[in-house]
Amino acid sequence: MLDHRAFITDFDAVIARLTSRGVDGDTVTALREAATTRSQAIKKTETLRAEQNKASQDVQKLRESDPAAFGAARERLKTLKDEIKANEDAMVAAEAKLEEMMLRLPNLPDASVPVGKDEHANRLERTVGQPTKLAFVAKQHFEIAEALGIVNFEQAAKISGARFAVYRGAGARLERALISFMLDLARDHGYLEIQPPLLVRRDAMVGSGQYPKFEGESFETLDHEFTLIPTSEVPLVNLHREEILEEHDLPLRYTAYTPCFRREAGAAGRDTRGLIRQHQFNKVELVAYTKPEDSAAELERIASHAEEVLKRLELPYRVVSLCTGDLGFAATKTYDLEVWLPGQNAYREISSCSNCGDFQARRAKIRYRPDDGTGNAKPRLVHTLNGSGIAVGRTFVAILENGQREDGSVAIPRALVPYFGSDVISGV
RNA sequence: GGAGCAGUGGCCGAGUGGUUUAAGGCGUCGGUCUUGAAAACCGAAGUCGGCGAAAGUCGACCGGGGGUUCGAAUCCCUCCUGCUCCGCCA
């Protein structure tokens, strides 16, 4: 969520940056009007309340000294009470309207983000490694996996339908090895490992920015009491909601392995085969809380930690900076890591690292007290960042496609052998 | 699932309708004293919002929301959270 005051004090800059990421100008103008209406309504109600407070104290003095005057004053205050009530209703309505609009408004893009409409305007930052060259026709990961018997989609369909998978034997062990490998690396990089709840309350979804705008894209329990997390960014960002941290607590760095659950409602027909797009997938997430002035450097740091996973697994990849039009709702700046998939002859997203600035912190009320020596400094909003470190299912895909051999077996990257227990998969 | 108790500032804790603009203690920060420190004493200090260049000023906030009242931390309703006992259970 943005600071609504910026719509009044800094309108031109805000409208320019929001339209660059696809928000229509009328929406921004309506926001400015709602912000103005709100502050006028507050002003009026508070003036009346100040009057009431004063009168109420005066009335109290009459209570014993002059019962007749006391009764008359009480009658007069009843009309003031009704007037306040009417103004309060208008104030509450104005605040609710602004809040509703603000919650659906995306973050402002950082100045370093390339301006553009869609992914064609994304900026290539760097390419690491060469696309894997194979001396035979590359197979797609699901062909390799099914032939080896390590993933079974038919069984998953019987149990749960499309976009689910059953991992078997070496497949299940490979998934588990990747999770351990990634968590250990994150720990080496200074992140505290967390096992969070996978079912969260609505407030948590609002805090990290998924709700209210993306309601309907997650799975919920029948009574809507809980949402299945679409990413562990949700619980990790809400760990410190409504807290005032100390400056020396920052930065805070957390990692969590969790399954993630997504409806993929807008992706009908895309990536229907294989493990690329599942309703349930595993992910190791990295989340950081920093001081505002440190978040830009922290984004580079998180991205480098995600990249380290790919480097150690000897997977070729490239890094792109998302353009304004392609940026996620809560992000001011995002690097996507795209891994090379020989079976698709393409780079595919495997990690997304974002600086959310104070957007989530404002929603979730996560602040810190600057240490100025007095202990009385005003709290400031922290900055939050998140990055996949990295998507486990897609890493599984990348290992199969890049490590495939002509005989159908798959070479396991050296760094993973201690976790997996073998340097090859040749069967279940 | 049933029955009961509780939620007050960074922490502990008093407070059942009007000098509570939330007592007191601990901790924090500043000062006095001291060679320095401790102790003691004095003082400062919550969060959010409105207006304001600022100083400041006004409003709201005692788990969340709603209600009663001229006036609510205090009375009523409801939700959330924690604890105790009973039942059931991985």
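This structure is a prediction, so every number in the text was calculated from the model and none was measured. Chain naming here is simple, since letters A, B, ... match the order of the sequence lines and numbering starts at 1 in each. Excluded from the calculations below are hydrogen atoms, water molecules and symmetry mates; all remaining heavy atoms, backbone and side chain alike, are included.
- Atom P of nucleotide B:G50 and atom CD of A:E95 are separated by 9 Å, given to the nearest angstrom.
- In this structure, the ring of A:F164 has its center less than 6.0 angstrom from the ring center of A:H279.
- Here the nucleotide nearest the side chain of A:S39, chosen from B:G59, B:C51, B:G49, is B:C51.
- Counting to the nearest Å, the C1' atom of B:G10 and the NE2 atom of A:H248 are 11 Å from each other.
- The pair A:E51-A:R49 does not count as a salt bridge, with every side-chain nitrogen at least 4.0 angstrom from each carboxylate oxygen.
- Judged by the 6.0 Å distance and 45° axis criteria, A:R173 is positioned over the aromatic ring of A:F420.
- Nearest nucleotide to the A:R201 side chain, out of B:C58, B:U81, B:U47: B:U81.
- The cationic group of A:R32 does not satisfy the cation-pi geometry with A:F7, failing either the under 6.0 Å distance to the six-membered ring centre or the 45° limit from the ring axis.
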Show your reasoning for whether side-chain contact (heavy atoms from CB on, under 4.5 Å) applies to A:R187 and A:L192.
-> CA-CA 6 Å; A:R187 182 164 184 253; A:L192 182 69; over 6 Å; no

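- Nearest heavy-atom pair across A:N87 and A:L48 is ND2-CD1, 3.3 Å.
- The base-pairing partner of B:G36, taking Watson-Crick or G-U wobble contacts with both distances under 3.5 Å, does not exist among the strands shown.
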Summarise protein proximity over nucleotides 61-68 of chain B in one line of letters, 5' to 3': B for base, S for sugar-phosphate only, - for none, counting protein heavy atoms closer than 4.0 Å.
-> ------S-

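- Atom C1' of nucleotide B:C11 and atom CD of A:E243 are separated by 15 Å, given to the nearest angstrom.
- Of the candidate nucleotides B:A60, B:U81, B:U47, B:A60 has the atom nearest to the side chain of A:R49.
- Residues meeting the ring pair (Phe, Tyr, Trp, His ring centres under 6.0 Å) test with A:F142, sequence neighbours left out: none.
- B:U16 and B:A73 are spaced 10 Å apart, taking the C1' atom of each and rounding to whole Å.
- Atom pair A:I84:CD1 and B:G71:C1' shows a separation of 11 Å (rounding to whole Å applied).
- B:G27 and B:A39 have their P atoms separated by 8 Å, given to the nearest Å.
- The side chain of A:R367 places no N or O atom within less than 4.0 Å of a non-bridging phosphate oxygen (OP1 or OP2) of B:G10.
- Dashed line: the shortest gap from a side-chain N or O of A:K378 to OP1 or OP2 of B:U47 is under 4.0 Å.
- Base pairing annotation: B:C61 forms a Watson-Crick or G-U wobble pair with B:G46, both donor-acceptor distances under 3.5 Å.
- Rounded to an integer number of Å, the gap from CD of A:E99 to P of B:C48 is 16 Å.
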Listed pairs under 3.5 Å, donor-acceptor, residues 144-161 of chain A side chains, sequence neighbours left out:
{"unit_1": "A:N152", "atom_1": "OD1", "unit_2": "A:E154", "atom_2": "N", "d": "2.9"}
{"unit_1": "A:N152", "atom_1": "OD1", "unit_2": "A:Q155", "atom_2": "N", "d": "2.7"}

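- Annotation: B:C70 and B:G15 have their P atoms spaced 29 Å apart (nearest Å).
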Please report, to 0.1 Å, the donor-acceptor pairs under 3.5 Å made by any side chain of residues 260-267 of chain A, with sequence neighbours excluded.
{"unit_1": "A:R262", "atom_1": "NE", "unit_2": "A:P230", "atom_2": "O", "d": "2.8"}
{"unit_1": "A:R262", "atom_1": "NH2", "unit_2": "A:P230", "atom_2": "O", "d": "3.1"}
{"unit_1": "A:R263", "atom_1": "NE", "unit_2": "A:S218", "atom_2": "O", "d": "3.0"}
{"unit_1": "A:E264", "atom_1": "OE1", "unit_2": "A:R277", "atom_2": "NH1", "d": "3.3"}

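- Remark: the separation of the P atoms in B:A55 and B:C48 is 15 Å, to the nearest Å.
- Of all nucleotides present, only B:U84 satisfies the Watson-Crick or G-U wobble test against B:A3, with each distance under 3.5 Å.
- When Watson-Crick and G-U wobble pairs are counted only if both distances are under 3.5 Å, B:U16 pairs with no nucleotide at all.
- Taking every heavy atom of residues 3-13 of chain A and every atom of RNA chain B, pairs under 4.0 Å involve A:H4, A:R5, by number.
- Look at A:R369 and you won't find any side-chain N or O under 4.0 angstrom from OP1 or OP2 of B:U28.
- A:D82 has its CG atom 9 Å from the P atom of B:C70, to the nearest Å.
- Atom pair A:L48:CG and B:G50:P shows a separation of 18 Å (rounding to whole Å applied).
- Among the nucleotides B:C48, B:C80, B:G59, the one closest to any side-chain atom of A:P379 is B:C48.
- Spacing between B:A60 and B:A53 at atom P, rounded to whole Å, works out to 24 Å.
- In this entry B:C26 has B:G10 as its Watson-Crick or G-U wobble partner, both defining distances falling under 3.5 Å.
- B:C83 and B:C12 are spaced 15 Å apart, taking the P atom of each and rounding to whole Å.
- For A:R38, a side-chain nitrogen or oxygen approaches OP1 or OP2 of B:G50 to under 4.0 Å.
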Throw together a table of side-chain donor-acceptor distances under 3.5 angstrom for residues 210-217 of chain A, partners on residues two or more places apart or in other chains.
{"unit_1": "A:Q210", "atom_1": "OE1", "unit_2": "A:S208", "atom_2": "OG", "d": "2.6"}
{"unit_1": "A:Y211", "atom_1": "OH", "unit_2": "A:E220", "atom_2": "OE2", "d": "2.5"}
{"unit_1": "A:Y211", "atom_1": "OH", "unit_2": "A:T227", "atom_2": "OG1", "d": "3.4"}
{"unit_1": "A:E215", "atom_1": "OE2", "unit_2": "A:R202", "atom_2": "NH1", "d": "2.5"}

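- Checking B:U69 for Watson-Crick or G-U wobble geometry (two distances, each under 3.5 Å) identifies no partner in any strand.
- For the P atoms, the distance from B:U74 to B:G64 is 11 Å, rounded to whole Å.
- Note on ring orientation: taking the six-membered ring where Trp is involved, the planes of A:H305 and A:H189 are parallel (angle under 30°, cut-offs 30° and 60°).
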Are A:E307 and A:V319 close enough, and set up right, to give a side-chain contact (heavy atoms from CB on, under 4.5 Å), and what steps lead you there?
-> CA-CA 9 Å; A:E307 287 184 62; A:V319 181; 3.8 Å; yes

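- The same atom, P, is picked in B:C76 and in B:G24; the two are 29 Å apart, to the nearest Å.
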